[in-house]
Structure formats: structure tokens, C-alpha cells
Amino acid sequence: MTEAGAILEVERLGGLAGFGAGGSRIRSRGRCDLSTLPQQDRTIIDGLFGMPHQGTTAGGDRFGIRLTRRTSAGAQMAVVPEAAVPLRVLACLRDELI
Amino acid sequence: MDIPGVSSCGCFIIPRKVLLRFSRDRKLKASQRKAFADAVRLEKGWRHARAVKSRLALLATQVLPGELGAAASAPPHVLLFDCRHGNVLPGVPVHDPGASQDQAAAQAFTETTEVVRFFRSVFGRNSLDGRGMALLSSVHYSVHYNNAFWNGSQMTYGDGDGAIFVGFTRATDVIAHELTHGLTQFTAGFGYDNQAGGLNESISDVFGSMFRQWRAGQTVAQADWLIGSDIMGPVALARGYTCLRDMANPAARHCLSPQPVHFSRYRDGMDPHESSGIANLAFCQAAQGLGGNSWEVAGQVWFHALTELKPAPDMKMKAFANRTRTVAAALHPDEPAVRKAIDAAWKAVGL
């Protein structure tokens, strides 16, 4: 069962514009309360943690998604292909110039 | 196939280990576990098919006898699809895209067709694989999607959010940049990490910029050497950002993503869009040193360096620099000025 108040921080990396690259002026970040996600999405998110660093899939200029899950037990991080992340989680992302 | 957690998110690439775990999760219904098990079998087969397709394409370019080459000389089909703001590829076919009222579809079709003509007339290359493979492009991907990408099989374009970026099909260099990822995939096969990743990205910027110059009939002196200037939205422009990257001045403040200008600043783990600045500057300086049109001499050297040698997924920047030096000497044995310009350009960036 997902801990109440557990937060998932989400960040897009890469893409044609180099989101999140060193010195880049463009970021795409968001956060969502894990307990508000449907069970299916929480199950997918659970499965993405604990895997080896996956980054992007084949091709060029694909986005990678960095997920950081914060609970009372601490923080876990994973970087996964954008296509592996539920759309409801991606919907929390906001692109911005910094 | 209706797979729990897959259809709802539109995902097609969930790691195999994750699918396996779900297929054994007793908290799920039997029908759901079976669906995940089916997905495991499908995923393995799909990845195998994709790998075989890439290897077959490369093998065909190496071993097909000359007489069969004629069968592969027909120009490629250029196909357009509309994602209708969803995340499923390729989307709905667009009929007669060149005459479409949908500006994104018409732009993607027209410029992809021109990239085909560019590769063919300037470099003698028939499509990305050299054998006339069909080129698929999908427009209107997702909602306010600030990106375009090559997924290993096709092109995909977002519409931008209208603030930071406008539609990604508006930029000829972006279209050629993405298609060139396919060219790299079918030739040198540079990976997407570390130095090879920086080279992969640089090759796409190089051919993207060359195509933009070719379309505009510009000499190296007339070119602005900016990448992505035509997709910058009003908010980005108001903040003084005129491009994604500047091949002539990679560290410039008007770039959305400034880059290093010397190999001494390279670090493993850098985003390839950051490390590409080093080789970008080298190409720009080589082309400017030679004068005329970028695709006539420097572009030919880069093309031959990319396409005529064995695949090198872990290529190092110094090795690629030396490869261009060797190709320049081979293509221009009686023109020391060509070798000198290319050598000087690489030395200027520390390679």
C-alpha cells in the first residue's frame, strides 16, 4: 500500500533541446502525490524502481524521465524511457525556462 | 492487445523485467497475469525483429551485388501520419500530405521529400539505408509536446507549447537533424552515450545545418549556423534565446543550451546535446575555412567518414577527427588546403 504523502518527483531529460543538460536553460519538472494515482499506475511506478539505469530507448532525441520517490524511508531514484512512464505521471510535468 | 497498465498509458516499451514481475504478481487477476506474460513474449519478439531489421539493412548494403542495386534505387515513399495529440505511433495516415491543409503534415512531407533529394543529389544516398527505405513521419504527437525524435524506425514531431517552442516541423534543420539519426543508425551506428553520443548528435546538427543552408542556397558565409532558430517560441525569443545551439559559437548566451567549445571541457556522462558542441564547432570552422557551400567539400568528407567505415557504436571524438583527416587526404590528395583546413578545425577544439 502506498504511504500517504509519498511524493514522486519527475523530470524530463534530453530531447532535441537537451532538457536538463549542464548549462541548459530549459527544464521540465513536476511532482505528484503517489497516493492519488490509480493502482495500475502505482504498480508500474513500483516496477520502474530498482531496475538498472535505463535512460532513453533506441533512436535520437528521445526523452528520459528521472523519477525520485520520497517516502519516510528515504529517497529512491530511477531514470527510465519516457514511454515507460504512465501518462498521468507525465501530465504533472511543466516545461520552463530558467 | 489490451494489456493492463499498457493501454492506459499508451506505453509500448516497458522493461521486460517489469512485465515478468507483473506476470507473476498474485495480487493481479489470472487474466491480467496472462496478459503480462503475453506481453513478455511479444516484447522479446519485437526487440529481436527490430535488431534483425537493423542488422539486415546493414548487411544488405555490404553484400548485395550491383545488379540488385537497381531494385533499391527507386526513391523512397514518404508517408505521413497524424497522432491527433495522442501518444500512439504512428497514428492515422494522412492522405496526400503534400496538399494537406494541416500545416504540420504538409511541412513534414515537403521537407522530408527535400531531405531525400538532398541526400540523393548531394551525397548519392538513396534514403537513410541507402536502399530507398520508406520514411514515416508522425505529427501532432501528444499535447504541447516540446520535442521531435527518431525512434529507431520513424520520425515524430510535437507541436510545441506555443510559448517556449512552436511546431517542430517548421524548422528544416530539425527535420534533417532527426532523419540524420536514421542515417547514423544505418551506417556508423554511433551510440548515444559519452563521446559517441556527442558525435551522434553532432552529425545530426551538421547535416541538419547543411540541409538548411542547401534549401536556402546559402554559402558558409551567409549561413547563421544556428540550430532550431525556426522553432523558438515567443517566450524564448523574449528572453533573448534565438536558437537551441550555435555551431559557430557553441557557448553563446543566445543559445537555449550552451555547449563546450573545447574537448578539454568534455566529461563522460554529459548529455549528447551538450557534448556535441565540440564537433559542431570543428565542422563549422572546417567549412568556413574552405569557403563556398558547406556540403561541397567539408560535407562530403563528413559523409564519407560516417558512411564508409565499419560501425563504431563507441567511437571516440579523436578517432572520428582522425577519420575525417584520412578521408580528406583520400578525397583530395592534390589539395593540401583541404587537409589543412580540416586539421586546423579539429586542433582548434583540442582534437
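First the proteins, then the strands, lettered A, B, ... as listed; each starts at 1. Hydrogens, waters and symmetry mates are skipped; everything else that's a heavy atom, side chains included, is used.
A 4.5 Å side-chain heavy-atom check between Y241(B) and L97(A) finds at least one atom pair inside the cut-off. Contact check for D271(B) versus L13(A): no side-chain heavy atoms found under the 4.5 Å cut-off.
With hydrogens and angles disregarded, no donor-acceptor distance shorter than 3.5 Å links the side chain of R25(A) to the backbone of H254(B). Remark: side-chain polar atoms of N147(B) are paired, donor with acceptor, to backbone N or O of D61(A) under 3.5 angstrom.
Heavy atoms of V143(B) lying under 4.5 Å from chain A are absent altogether. With a 4.5 angstrom heavy-atom cutoff, N200(B) does not touch chain A via any of its atoms. For R267(B), no part lies near chain A; criterion is any non-hydrogen pair under 4.5 Å. A236(B) touches chain A through backbone and side chain together, each having a heavy atom under 4.5 Å away. Contacts between Y145(B) and chain A at a heavy-atom distance below 4.5 Å involve the side chain alone, from C-beta outward. Contacts of L93(A) with chain B are absent, with no heavy-atom separation under 4.5 Å from either backbone or side chain. E201(B) touches chain A through its side chain: at least one heavy atom from C-beta onward sits under 4.5 Å away, while N, CA, C and O do not.
Between I98(A) and R239(B), the shortest heavy-atom contact is O-NH2, 3.2 Å. When all heavy atoms of A17(A) and S257(B) are compared, the pair lying nearest together is O-OG, 2.7 Å. Considering all non-hydrogen atoms of both residues, L16(A) and R245(B) come closest at O-NH1, 2.8 Å.
Heavy-atom pairs under 4.5 Å with chain B peak, among G18(A), G14(A), G20(A), at G18(A). Taking T180(B), D193(B), L256(B) one by one and counting their heavy-atom pairs under 4.5 Å with chain A, the maximum is reached by L256(B). Highest contact tally toward chain B, considering only G22(A), A21(A), G23(A), is held by G22(A) [criterion: heavy-atom pairs under 4.5 Å].
Atom CZ of R94(A) is separated from atom CG of D161(B) by 11.0 Å, given to the nearest 0.5 angstrom. Here the straight-line distance linking atom CZ of R62(A) with atom OH of Y192(B) works out to 10.0 Å at 0.5 Å rounding. A distance of 6.0 Å separates CG of N146(B) from CD1 of I26(A), quoted to the nearest 0.5 Å.
Taking the six-membered ring where tryptophan is involved, the planes of F19(A) and F165(B) are tilted, since the angle between them lies from 30° to 60°.
Side-chain contact, H144(B) with D95(A): no donor N or O sits under 3.5 Å from an acceptor N or O.
The 12-atom threshold is exceeded at CZ of R27(A), counting heavy atoms of other residues, nucleotides or ligands nearer than 6.0 Å.
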